[in-house]
Engineer: 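The structure under discussion is supplied below as C-alpha cells; questions concerning it will follow.
Hydrogens, waters and symmetry mates play no part in the numbers below; they use all other heavy atoms, side chains included. In listed order, ligands and their atoms are each counted from 1.
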Amino acid sequence: MATVPEYFGSLVFDDRVMKSMLTAKVYASLKKTIDEDAALDPSVANAVAEAMKTWAIDHGATHYTHWFQPLTGVTAEKHDSFITPSPDGGVIMEFSGKELIKGEPDASSFPSGGLRATFEARGYTAWDPTSYAFIKDNTLCIPTAFCSFGGEALDKKTPLLRSMEALNKQALRILRLFGHTDVKCVRSEVGPEQEYFLVDRAMYEKRRDLIFTGRTLFGAMPPKGQEMDDHYFGSIKPKVAEYMADLNRELWKLGIFAKTEHNEVAPAQHELAPIFSTTNIATDHNQLMMEIMQKVALRHGLVCLLHEKPFAGVNGSGKHNNWSISTDTGIRLMAPGETPRDNAQFLLFLCAVIKAVDDYQDLLRLAVATAGNDHRLGANEAPPAIISMFIGDELEAVLESIENDTPYKGTERPTMKLGVDVLPEFPRDTTDRNRTSPFAFTGNKFEFRSLGSSNSIACANIMLNAAVAESLRIYADRLEAADDFEATLNSMIKKTIKDHRRIIFNGNGYDESWVKEATEVRGLCNYRTTPDCMPHLLDKKNVEMLTRHGIYNEKELRSRCDIMLENYCKTVKIEANAMVDIARKQILPAVEKYASDVASAAIAKRAVVADLACGYETEIVTKLSYLADQISAKTTALEEALVNLPSGDIIEESYAIRDTILAAMAELRAVADEAEMHTAQEYWPFPTYGDLLFGVK
Ligand code: ADP
Ligand code: MG
C-alpha cells in the first residue's frame, strides 16, 4: 500500500506536476500569475490545458468541469467530456486553452438577485489559476469564478479574490513604510476547523426532517444528552475511526491537509481541522472537504450532518475560521516580533484588526448569518450574536499602557512610549484561552468563531479582508503623508485603542450580563437573526467601503442582500412545510393509533372484569387525545401563518417569518415532543434523539 507522502495530492495538478509537465518558460509564467497575481499570459493557456488533459487522462479522467461556487452556498459543476469526433469515426481527446480559461454553463437557475436578466440567462466561468485543478469522480475539476456577461460576480470566489487583492495592496503600502521593499505580496491565510455530526444512515432515512432540511424539526430530549461531557475528546468509536481514516485518505489524495480530528462536545459530534493555507485555497478545500465528508459517510453506513443545529438542546456545529496575514517572504503579520521595530509593526496590524472588527461588526455578523446559524449564535455553547474581541491579558496590558502612557508591567521602563525603536519587547505567546469570544487572538492568528458549520467560509473572509484593508488604507494614507513617522504611528495606535476599546471584551461572552453591557453601555450591535442584520449590508458606510476597495459594486451588494434574505425565507418555509407534513402524516396517525390501542385494551379488560377502573389507560387516552387536538390545531395555525405571509418585499417577508413562522413552528414542536414522551416507543414513527445521538457504535 502506498504511503501517505506517496499518494498525498495524487489527484491534484499541483506545483510538482506543473514543474514536471510544463516547459520551464510556461511554468515560470504560470507561477508568476499564481504567486504574484500577475496577469495570465494567454499564450501559456494552451500549453497548460494540454498538460492538464494529458495528466488527467493518465489518472482516469474522461471529463472536465469548471467547478464554481454560486450563491446557493454549495459548489456547482457541469461536466463535458474531452472527446471530439475524429474523421475516421472514432474520437480524440481534446482540451484547449480556451476551454480551460472560460466556460459558459447554462446557469440560468442559479440565484443572481436580478443581476442576470432573463433574456441573457448565461453567465461565464473563468479559470482561477491560484487554486489547483483536481480530479473528482473521473472528472478534471478546474476551480473557476462565475460572473455575468456584464462582469458582475455571481459567486463567492470573485469577491473573495478581490478582497485578498485589496488587503494585499493596502498591507504592501504599510510594509513599504516599515522598510520591507523586498515583499512582493501579502496574503491572508485561513485554517477552518470543521464540526459535524455522524448518524446512522438507516435511521437518517426514516427521518423526513433530516432528509428535507438537514436538521430535526421534532424530537424530545433523551434521558442522557451531553451533560456528562464524556464525549468531548473521548475515544473514537471503531466505526467512526474507520470513517475518519477513509476520509483522511480521500482528502489527502486531493491535496487537502487534513490534520486534527477529535470528538466534539455533543454525542455524535466530531471535528476535522486542516493545516491552514491561502484563503482562496482554504475556501475551495473547505467546500471540497464538506462534500467528501458527506460522500465518504454514505460508504460507511453513516450520514454526515453539516447543519448548524441538527438537534435542539444539543451543541450546534460551527466552523472556527483561524485567520492571519503573512508576506511572501515569510513574515507573519499577526505575530509579535522579536525586535521593537517588529513589535511596532505588529501593533499597527493588530490595531488595524481591532478597528476593522469594531467599525464593521455588522458586516462580520451578517457574513455568517443564515437560517441555520440563527439557531446557534446566542445558544448556550456558541458565541453570542454580538461581535466582540478577545486579545488576552498580556496584550490588553500592552494596549492599556500605550493608551494611558503608563508603565507596562512586563518591562522596567518607566513609561511605555511607542516609538519604532523604543517599544518594549513583550512575550511572544501572550494568549489565554477564551472559548466564549466570537473573535479571539490566539498567538499569531485570530479565530473568528461565529461561522456556521455548513457555510462557505468565503463570506466571512471577504468581509474580514475588506475591513482590515480599509483600516490599513486609512493608516497608510496618514503615514505616507506624515513628516514624523514615529510620532504619527504613535498617535494613530493610541487613537485606535481609545476609539475602539469597546470592542475588546475579555470576559465570559455567554453571560447574560454581557448582552446588557455590550448593547446598553458599549453600544455594540446585537443582531440576533438574519433578517435583523442582512439589510445592513446596504448601509451607506458599508457600501462605501466595499465599493471603494472594488470588492463589490452597488448592484452586486443589492443582489446579495436579496439572495441571502431569499435563502433565509426559503429555508424556513421548507422547514415549516416539512413540519406540517410530518405532523399530519406521521405524528398524528401514530399518536392516534397508540391512544386507540390503549383504549381498546381498556375495553377488552372491562369485557373480562366489568368494573375495572383502567386508570392508566384512561390517563394515557385523555392525555394523548388532548395532545393530538393540540398538534392538529397548531399544524393548522402554522399552515395559516404560511398562507398569510406577505409577498413582494423580501425584507417584510423575512420579518414575518422571523416573528410568526418560527414561533408557530416552536409551538407545534412543543406539543409534538410532549406527545412523543407519552407514546410507546414502537409506535413512534421515526428514530428518536436517543437513537440518533447514540446509534453509531
Ligand atoms: P485550536 O486549539 O483552536 O484547535 P490550533 O493551533 O490547532 O488551535 O489551530 C487550529 C487551526 O488554526 C488549524 O487549522 C491550523 O492550521 C490553523 N492555524 C494555525 N496557525 C495559523 C495561522 N498563522 N494562520 C491561520 N491559521 C492558522
Ligand atoms: Mg480553535
Engineer: Whether Lys319 and Glu195 form a salt bridge (side-chain N of Lys/Arg under 4.0 Å from carboxylate O of Asp/Glu) is what I want to check.
Structural biologist: no
Engineer: Report the part of Lys445 in contact with ligand 1, treating N, CA, C, O as backbone and CB onward as side chain, heavy atoms under 4.0 Å; options are side chain, backbone, both, neither.
Structural biologist: side chain
Engineer: Which residues pass the salt bridge (Lys or Arg N to Asp or Glu O under 4.0 Å) test with Arg522, not counting sequence neighbours?
Structural biologist: Glu517
Engineer: Can Glu396 and Arg501 be counted as an ion pair, charged N to O under 4.0 angstrom?
Structural biologist: yes
Engineer: Going by the angle between their ring planes, with limits at 30° and 60°, are Tyr243 and His300 parallel, tilted or perpendicular?
Structural biologist: perpendicular
Engineer: Who passes salt bridge (Lys or Arg N to Asp or Glu O under 4.0 Å) against Arg332, sequence neighbours left out?
Structural biologist: Glu189
Engineer: How far apart are the closest heavy atoms of Asn315 and Ala266, and which atoms are they?
Structural biologist: CB-CB, 3.9 Å
Engineer: Tell me whether ligand 1 is touched by Asn444 - counting only heavy atoms on the residue side and a distance under 4.0 Å.
Structural biologist: yes
Engineer: Purely on distance, is any nitrogen or oxygen of Asn322 under 3.5 Å from one on ligand 1?
Structural biologist: yes
Engineer: Which of the atoms in ligand 1, numbered in the order shown and given with their element, are less than 4.0 Å from a heavy-atom of Glu189?
Structural biologist: 25 (C)
Engineer: Atoms of ligand 1 less than 4.0 Å from Arg332 heavy atoms?
Structural biologist: 23 (N)
Engineer: Heavy atom of His320 under 4.0 Å from ligand 1?
Structural biologist: no
Engineer: Applying a 4.0 Å heavy-atom criterion (strictly less than), which segment of Glu447 is in contact with ligand 1: side chain, backbone, both, or neither?
Structural biologist: side chain
Engineer: Can you name the atoms of ligand 1, numbered from 1 with element, that are less than 4.0 Å from a heavy atom of Gly191?
Structural biologist: 14 (O), 26 (N)
Engineer: Would you please indicate if the ring centroids of Phe276 and Phe257 are separated by under 6.0 Å?
Structural biologist: no
Engineer: Where on Lys259 is there a heavy atom closer than 4.0 Å to ligand 1, on the side chain, on the backbone, on both, or on neither?
Structural biologist: neither
Engineer: Ile275 versus ligand 1: do any nitrogen or oxygen atoms come within less than 3.5 Å of each other?
Structural biologist: no
Engineer: Can you confirm whether or not the ring centre of Phe448 sits under 6.0 Å from the ring centre of Trp323?
Structural biologist: no
Engineer: Counting heavy atoms only, which of Pro274, Ala273, Ala258 is nearest atom 15 (C) of ligand 1?
Structural biologist: Pro274
